[in-house]
Amino acid sequence: MKNELKVADCEEQDVLILGAGLAGLTAAVEAAAKGARVTVLDKMEPMVGKKVNKLYAPGGAANDTYRAGGGGLSRFSLEGPIDELLERHQARGAGRVDTVLLRAYLERVDKDCRWLRDDLKMPYHNKNGAHKGRVLGKGPAICSFFYKLCAERGVRIFFQTKALKLLTEGTKVMGARVRSKEGEFDFKAKTVVLATGSFTGNQEMMLKYVGPDITYLPLITGSTYNTGDGLIMAAALGAQLNNLTVCHIRTTDKLLGEGPSRGLLNLYHSGIYINRNGQRFLDEGISDSDTIGNAIAYQPDHEAALIFDDKARALHREEFEAYPHKDHVMQVADSLAELAVKIKVAPEDLIKTITDFNRQVQDGQALNLPIPKTAHALTVDRAPYYALYPVWPGLNHPLGGLKINTKTQVLNLENEPIPGLYAAGSIVNWAFGKPYEIAGVKTYKGSYHAGSSSGFGTALVFGRLAGKYAAQEALPI
């Protein structure tokens, strides 16, 4: 890792990588393995010697790799034939899924995780005698591991160095102009890989593409240091941007904990979500974390309550007992009127909503309602009554971004590769989905929820591909 930047450092490298998250560092290791001279630039400080922020803590200096726990093979092993997974992704992505890119991902994710664990020797927690858990040490371990690996393989990394614009000769990208504390420099390269993250921390872009409801959420659980730098630079060259309105939003509680859709994985399906007006606003039986988070983002005061009764609690007793800090985040009452006061809802509104809901519950469904519950419907009629309140939405990051092909080449508006330019990580449109509405409520269900996908997995797979193909273009045979 380099501390001071000098003019001599800018002499032409084969592959220049902008961004030192998992995608950029993976690309660097892969490109170096192909024999390329590789330089990585990142505007932040190195992520070593720092404490892990709580996963849901607002903002923070850490990039996405630093925050990540990293999935093991138990998470990314394929859950069936690839064609079946593609169909599931297509359904969950509202029919707007790039099946070509998705197939490339599904064909590689398992072996790339094994490459990370077995070939590179990334340390994983042991679970049941095998490396199935998360990366040992979580995000800081990922960063430190790759910093060391890059040093061993001759990859240079310059931190606190911000890319300002892409350099071109004709239509070909040939490097980047950057700024460090020593001044501005032009890094010349044969190919460039963009791995600069999304635009969570760029309020102008958030307002333009996502809108004020999500831009002004009270919590940002992703990195505010992701300010869309690579997207802006690529767009200036005519790069194609896709699905920028789609966001990854997680639920959390008032202690910034896991939230019900992660901490109560089964119980939350059995309950009902209520907003400040005492109304349901989504189908809880089939909703997942992002659907719930996005829906709550459009509710009054950006908050909701998950309500269930003692009958539902008894069905998932162990899960309920394991949820942390229940005394602080769980409201309990002997009547619905008492519970309504505790969650700041008019008692008559809550009682009417639950009474109407209970009347419609039959065989695990409640279909004849303005917003039906199509699965896991249970009456809410046995005291004591419980409410996880408040449930808040936290913005992790937008899911749209640059359009790439299976070689991770950035495509222009005519779907042609921009010569010399590659991209990987959350700068890329990797969710392959679009927003939709349930009873007038804007929400989103990402196709990546169909299994075997996440930001960690896509950064790894497409980062490795970007390093491979960027090196091949830089070093033609």
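Quick note: numbers below take in every heavy atom, side chains included, and nothing from hydrogens, waters or symmetry partners. Numbering of residues begins at 1 and proceeds along the displayed sequence.
Taking the six-membered ring for Trp and thresholds of 30 and 60 degrees, His248 and His397 have ring planes more than 60 degrees apart, a perpendicular arrangement.
Partner of Leu231 under the side-chain contact (heavy atoms from CB on, under 4.5 Å) criterion, out of Val428, Leu241, Leu194: Leu241 alone. Test Val361, Asn358, Leu315 against Leu378 for side-chain contact (heavy atoms from CB on, under 4.5 Å) and you get one pass: Leu315.
The closest donor-acceptor contact from the side chain of Thr215 to the backbone of Met206 lies under 3.5 Å. Within the 3.5 Å criterion, the main-chain N or O of Ala312 finds a donor-acceptor partner in the side chain of Asp309. Although no hydrogens or angles enter the test, the distance criterion places no donor-acceptor pair under 3.5 Å between the side chain of Arg276 and the main chain of Asp301. No donor-acceptor pair under 3.5 Å is formed between the side chain of Tyr389 and the backbone N or O of Asp253. Listed for the Asp213 side chain is no donor-acceptor partner under 3.5 Å among the backbone atoms of Tyr298. With Glu319 contributing its side chain and Asn266 its backbone, the two residues share a donor-acceptor pair below 3.5 Å. Gln299 places no side-chain N or O within donor-acceptor distance of the main-chain N or O of Ala304, the cut-off being under 3.5 Å.
Comment: Asp83 engages Arg103 in a salt bridge, judged by a side-chain N to carboxylate O separation of less than 4.0 angstrom. Classification of Arg359 and Asp356 as a salt-bridged pair holds, one side-chain N sitting under 4.0 Å from a carboxylate O.
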Let me see the working for Asp310 and Arg313 under salt bridge (charged side-chain N to carboxylate O under 4.0 Å, His left out), right down to the final yes or no.
CA-CA 5 Å; Asp310 198 54; Arg313 182 202 62 81; 2.7 Å; yes
Just do the salt bridge (charged side-chain N to carboxylate O under 4.0 Å, His left out) check on Glu338 and Lys342 with the steps written out, would you?
CA-CA 7 Å; Glu338 180 187 353; Lys342 292 187 175 184; 3.8 Å; yes
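Taking the ring centre of Phe320 as origin, the terminal cationic atom of Lys326 falls inside the region bounded by 6.0 Å and 45° from the ring axis.
The ring pair (Phe, Tyr, Trp, His ring centres under 6.0 Å) contacts involving residues 357-381 comprise His269-His376, where partners must be two or more places apart or lie in separate chains. Applying the side-chain hydrogen bond (donor to acceptor under 3.5 Å, both in side chains) rule to pairs touching residues 199-210 yields nothing, sequence neighbours excluded.
At least one side-chain heavy atom of Ile142 sits under 4.5 Å from a side-chain heavy atom of Phe456. For the pair Thr353/Val345, no side-chain contact is recorded, criterion being any heavy-atom separation below 4.5 Å from C-beta on. The closest side-chain heavy-atom distance from Ile157 to Asp42 is not below 4.5 Å.
Within a 6.0 Å sphere centred on CD of Glu321, heavy atoms belonging to other residues, nucleotides or ligands number more than 12. The environment of NZ in Lys344 is sparse: at most 12 heavy-atom neighbours from other residues, nucleotides or ligands sit within 6.0 Å.
What you find for Thr196 and Gly19 is that their closest heavy atoms are CG2-N, 4.4 Å. Closest non-hydrogen pair, Pro123 versus Phe145, comes out as CD-CD1, 4.1 Å.
Using a 3.5 Å distance cut-off with no hydrogens or angles, the side chains of Asn415 and Gln240 do pair a donor with an acceptor.
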